[in-house]
Amino acid sequence: MQTASVHGMWSSRLMFIMAATGSAVGLGNIWRFPYITSDNGGGAFVLVYLACILLVGLPILFSEIIIGRRGRMSPINSLRELARDSGASRAWMGLGWMGVIAGFLILSFYSVVAGWTLHYAWLYFKQLFLGAEAIADPGATFGALLANPGELIFWHGVFMVMTVSVVALGVEKGLERAVSILMPMLFVLLLVLLGYAMTTGHFGEAVGFLFKPDWSSVNGGMIVTAMGQAFFTLSLGMCAIMAYGAYLPSDVNIPRVGVAVAATDTSVALIAGLAIFPIAISFGIDPEGGGAGFIFTSLPLAFNEMTWGIAYGMAFFLLLSVAAWTSSISLLEPPTAYFVESSNLSRRTIALIIAALTWAMGLASVFSLNIWSEVTIGGKDIMSAIEYVAADIMLPVGGLLIAIFAGWVLSNRITRTELDENMPSWAYSTWLWITRVFTPLMILVVIGGILGVF
Ligand code: PFF
């Protein structure tokens, strides 16, 4: 068993928790969760999503960390080596490749949305320091941004440069330094926003919308979206957490860190929802059907009203960009680590090449917002189609294979040692059978539903 990775190691248990939480908490929590909850009718969606986190997300989170730490290499090579040691087919490395492709697609649109947040931080900066006009009509401001490919490409590019600079520096110098300073700041700002939301007088309504299930809104498409969101928000199914698991010291207890990461991520999404919906409602915005611009068109209304709102708006969007940043580095890390192991190129060159390709791919999402807005794939615009295929289909399929690998290919001796040698038998068996049977079945039913098998 390898005890260290060539890419470096997290310096402590807390560092891993911060990095994995940094990967998990991002646009998925603060941009995507509120908007898809809004588009899917609220309460029932939230409950299905929470069930997916617990019954599908958590077992797969453990599985990814186990595989990563046991393999101590990039996901592709870890899967290949572990499969060989277990007498299974080399084809398992294909799972790592699928993760690379999913990550490439996700990063391509993720970086465009992160670019929107950077642009908004800049708009508030201009208001605060350069006397620019207030965002009086947020809907028009957002519409103008989407209609301007040059602006979108610029900010998408800035964000990609930010991402690549951290990944190029490697684990200790790059990733750790970024997450340990920036993550705690995000929590504080979100709590302040929650405090403000509580004063709007619409907090109760928002709680009702988020937690009172309207079961009539449950349908196949909604369940697929809820499961996709569970994968997306926890960064699962594309081997990102597996890559981070490879840098986890051997003595760290996996169930404990896994639960900490999942609990923090879920809390951030719920806090974001509880902060954003009351604000939207108080300004007369319908909490249903908000679409991808939801936070960009609702929150600026609140920032216009709040004392220090402009400074706050700047801090909020800056921090959201940071949350996106600590996630995007985990999207770029798995392929970078693979090519560091398998080529003679330097980490820096590799990260740069992959980021440049991803940036170019992102142009498809940029243009789908304006000059190609008429083009549709399966009834969706290009950006939504990429988001759907990567997040709602590829991540669950990846998760299914990860669960099968951890549950059936790896020996019980290995998974038990990695999880926690001293854990009671019943607890281990529970994880094992959930991972072996229950989680794969749930994913199969949902994916089967999309393909029309059921
Ligand atoms: N979990 C991130 C978010 O919620 O914003 C997005 C993400 C990061 C998805 C890394 C997948 C991944 F591998």
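Since we're looking at a predicted model, the values are computed, not measured. Atoms within a ligand are numbered from 1 in the order they appear, just like the ligands themselves.
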Result block: side-chain N/O donor-acceptor pairs under 3.5 angstrom for residues 61-68, not counting sequence neighbours:
from : atom 1 : to   : atom 2 : distance (Å)
S63  : OG     : P59  : O      : 2.8
E64  : OE1    : I241 : N      : 3.4
E64  : OE1    : M242 : N      : 3.0
E64  : OE2    : G237 : N      : 2.8

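In this structure, ligand 1 sits under 4.0 Å from heavy atoms belonging to S23, A24, G26, L27, G28, N29, Y110, F232, T233, S235, M238, A240, S327, S330, L331.
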Check: Given Y35 and I295, is the side-chain contact (heavy atoms from CB on, under 4.5 Å) satisfied, shown in steps?
Finding: CA-CA 8 Å; Y35 108 71; I295 62 163; over 6 Å; no

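Remark: aromatic rings of Y312 and F303 are close, center separation under 6.0 Å.
Of the possible polar contacts, one joining the W408 side chain to the R436 backbone as a donor-acceptor pair under 3.5 Å is found. Judged by distance alone, the side chain of R69 and the main-chain N or O of V252 form a donor-acceptor pair under 3.5 Å.
For the side chain to side chain contact (heavy atoms under 4.5 Å, CB included) criterion with I153, the lone passing option out of N148, L363, V112 is L363.
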